[in-house]
There are 2 protein chains.
Amino acid sequence: MGVAGRRELEEEAGLRNVFLEQLYTFGAVDRDPRERVVSVAYYALVKLADFSTKAATDAADARWFPISKVPRLAFDHANILATALTRLKGKVRYQPIGFELLPPKFTLSQLQHLYEAVLETNLDKRNFRKKVLGFDLLLPLKETQMAGRHRPAQLFRFDTDKYAKLKKRGFNFEL
Amino acid sequence: MGVAGRRELEEEAGLRNVFLEQLYTFGAVDRDPRERVVSVAYYALVKLADFSTKAATDAADARWFPISKVPRLAFDHANILATALTRLKGKVRYQPIGFELLPPKFTLSQLQHLYEAVLETNLDKRNFRKKVLGFDLLLPLKETQMAGRHRPAQLFRFDTDKYAKLKKRGFNFEL
DNA sequence: TCAAAAGTGTTTTCTGTACACCCATGC
DNA sequence: GCATGGGTGTACAGAAAACACTTTTGA
């Protein structure tokens, strides 16, 4: 499923291997029922780095907005966006999709900031680390990341194989 | 949304006021792509009592199966059913949809059996009652139900108004 | 009086949350 | 040496889980 959407994304925006999920199918009831438009909406999670390089050049009219600054949208598009955000907030709590939005190597702080942004809350650093490391899905690398004049941060990568196995066994992640 | 599906249900099966939710939109990729069939699937929760009376007469070819005994289904229908079951199991945990499947007056044991069936587990009687009554969404009636040679059971009804209000405030139910 | 389901509290374990200080680095 | 974000452990409270006996009825 979502094959067409995936191909679209790939051809139009040059993005592959992104998290892509069907959102909802919207039927515009308020228009002429004989000429009814039905939109099967998908949403994707795209790393900002990927987007700004490849996609920005290929799909010239695509743009990037912070949630708080999205302009007025045509038709029911605002509604669709709202649906997507609600879904994302719900989904992020029991499925570790946060990792889709980070580069392959990332620090725990980056991950935390991401979750804080999506959930629109603040999280306790120690508790966050405790919990997320407790899932045993993050592999510490031998590298660190130096960014600014402070202690370098440990880099991790997400263990997709392990995650796939646990998911098959009906494992439950709750952040 | 789901207006058409609701009308269908009402006209074809004579069922109204049932819980109806969009499930997923299935595109049959494996058929000829130019003559592609796209199915927007919905699922509904129907009280067995309603179904066997009204619906059974109107929609003559509709039948009722226990999950374990559903016959082989055509096309991708088995896949659709599996999707619905997964969704139901997930949904039942944070939204009290169990009540949709019971008559207006019901006992706590009935409710518990329902949850056990859907979740495919056993639940502790005392813990279940404690939790479910803790939500303060069940109103005890002055009636009891006698069914068999044992102590009669207290009947309850679900407080839909209160639920609607709590839901608006972003309340979180977790069973 | 027996079988069968209804009903009821307490203890223990686990999970979530709050909270403060040292560390490594660049300037 | 100081500013900045990285990194760590413990104590407390509330939630979840385990657990066994009495009650009411029909036969």
Side-chain angles (χ1 to χ4, degrees), chain A residues 89-90 92-94 96 98 102-103 105-158 166 170-175, chain B residues 89 92-96 98 102-103 105-158 166 170-175:
Chain A
K89 276 188 205 172
V92 84
R93 287 187 49 234
Y94 61 94
L102 292 172
K105 303 172 181 180
F106 53 86
T107 70
L108 288 180
S109 291
Q110 287 178 298
L111 185 62
Q112 182 177 344
H113 291 322
L114 175 58
Y115 273 88
E116 288 178 334
V118 172
L119 297 172
E120 295 179 287
T121 46
N122 291 333
L123 300 171
D124 180 88
K125 204 201 320 187
R126 280 173 286 193
N127 294 335
F128 181 80
R129 290 162 115 86
K130 206 186 306 170
K131 189 156 197 179
V132 86
L133 290 175
F135 289 138
D136 226 27
L137 288 172
L138 296 189
L139 299 174
L141 304 176
K142 280 167 190 159
E143 306 167 65
T144 55
Q145 181 185 65
M146 278 189 295
R149 47 173 181 167
H150 53 78
R151 181 171 171 177
Q154 176 70 244
L155 283 168
F156 292 85
R157 70 172 182 83
F158 184 67
L166 288 174
F171 199 82
N172 213 4
F173 308 86
E174 285 242 15
L175 208 112
Chain B
K89 276 187 205 173
V92 85
R93 288 190 45 235
Y94 62 93
Q95 208 171 321
L102 291 173
K105 302 172 182 182
F106 53 86
T107 71
L108 288 180
S109 291
Q110 287 178 298
L111 185 63
Q112 181 176 344
H113 291 324
L114 176 57
Y115 273 88
E116 288 178 333
V118 171
L119 297 172
E120 296 180 287
T121 45
N122 291 332
L123 301 171
D124 181 87
K125 203 197 326 183
R126 282 172 286 190
N127 294 335
F128 180 81
R129 290 163 114 88
K130 207 184 307 170
K131 190 156 196 181
V132 86
L133 290 175
F135 289 139
D136 226 26
L137 288 172
L138 295 189
L139 300 173
L141 304 176
K142 280 170 188 154
E143 308 166 62
T144 55
Q145 179 184 2
M146 279 189 294
R149 47 173 182 169
H150 54 79
R151 183 172 171 173
Q154 175 69 245
L155 282 169
F156 292 84
R157 70 174 181 82
F158 184 67
L166 288 174
F171 200 83
N172 213 3
F173 308 85
E174 285 243 13
L175 210 110

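In what follows, every chain begins at residue 1, and chains take the letters A, B, ... in the order their sequences are listed. Atom set for the values below is all heavy atoms of this structure, side chains included, hydrogens, waters and symmetry mates excluded.
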Heavy atoms of Gln110(A) and Lys105(A) approach each other most closely as OE1-O, 4.4 Å
In whole angstroms, how far is the P atom of dA27(D) from the CZ atom of Arg151(B)? 18 Å
In whole Å, what is the span from the CD atom of Gln145(A) to the P atom of dT25(C)? 14 Å
Nearest to side-chain heavy atoms of His150(A), which nucleotide of dT25(C), dC23(C), dT25(D): dT25(C)
Let's see if you can work this out: which of dG26(C), dG7(D), dG7(C) has an atom nearest to the side-chain heavy atoms of Gln154(A)? dG7(D)
Within this structure, what is the CG-CG distance for the pair Leu155(A) and Leu108(A), rounded to the nearest 0.5 Å? 9.5 Å
Contact summary for Leu114(B) and Gly98(B), nearest pair of heavy atoms: CD2-O, 3.0 Å
Which atom names give the shortest non-hydrogen contact between Leu141(B) and Arg157(B), and what distance separates them? CD2-CG, 4.0 Å
Where the side chain of Ala153(B) is concerned, which of dA6(C), dG26(C), dG26(D) is the nearest nucleotide? dA6(C)
Considering all heavy atoms of both residues, which atom of Leu123(B) and which atom of Gln112(B) are nearest to each other, and what is their separation? O-NE2, 2.9 Å
Just so I know, are the side chains of Leu166(B) and Asp136(B) near enough to count as touching, which here means a heavy-atom distance under 4.5 Å? no
Report the distance from atom CG of Leu123(A) to atom C1' of dG5(D), rounded to the nearest whole Å. 17 Å
Five pairs per end, C1' atoms only: what is the angle between the end axes of the helix from dT1(C)-dA27(D) to dC27(C)-dG1(D), to 10 degrees? 0°
Measuring to OP1 and OP2 of dG6(D), would you say a side-chain N or O of Ser109(A) lies under 4.0 angstrom away? yes
Could you give all pairs that pass the salt bridge (Lys or Arg N to Asp or Glu O under 4.0 Å) test and reach residues 109-133 of chain B, with sequence neighbours left out? Lys89(B)-Glu120(B)
Could you state the atom-to-atom distance from CG of Leu111(B) to C1' of dG7(C) in whole Å? 16 Å
Spacing between Phe128(A) atom CZ and dT8(D) atom C1', to the nearest angstrom: 16 Å
Whole angstrom value for the distance that separates P of dG16(C) from CZ of Arg93(A): 11 Å
Would you tabulate the nitrogen or oxygen pairs shorter than 3.5 Å linking the protein to nucleotides 13-20 of chain D?
from: dA16(D); atom 1: OP1; to: Lys131(B); atom 2: NZ; distance (Å): 3.3
from: dA17(D); atom 1: N6; to: Lys130(B); atom 2: NZ; distance (Å): 3.4
from: dA18(D); atom 1: N7; to: Asn127(B); atom 2: ND2; distance (Å): 3.1
from: dA18(D); atom 1: N6; to: Asn127(B); atom 2: OD1; distance (Å): 3.2
from: dC19(D); atom 1: N3; to: Arg126(B); atom 2: NH2; distance (Å): 3.3
from: dC19(D); atom 1: N4; to: Asp124(B); atom 2: OD2; distance (Å): 3.3
from: dC19(D); atom 1: N4; to: Arg126(B); atom 2: NE; distance (Å): 3.3
from: dA20(D); atom 1: N1; to: Arg126(B); atom 2: NH1; distance (Å): 3.2

Distance, nearest 0.5 Å, that separates CZ of Phe156(B) from CG of Leu102(B): 12.5 Å
Round to the nearest Å and state the distance from Leu133(A) atom CG to dG6(D) atom C1'. 13 Å
Nearest heavy-atom approach of Phe158(A) to Phe106(A) is N-CE2, 4.0 Å
Hey, does the side chain of Arg129(A) come within less than 4.0 Å of dG7(D)'s phosphate (OP1/OP2), counting only N and O? yes
Nearest-angstrom distance from the residue atom CZ of Arg149(B) to C1' of dT1(C): 12 Å
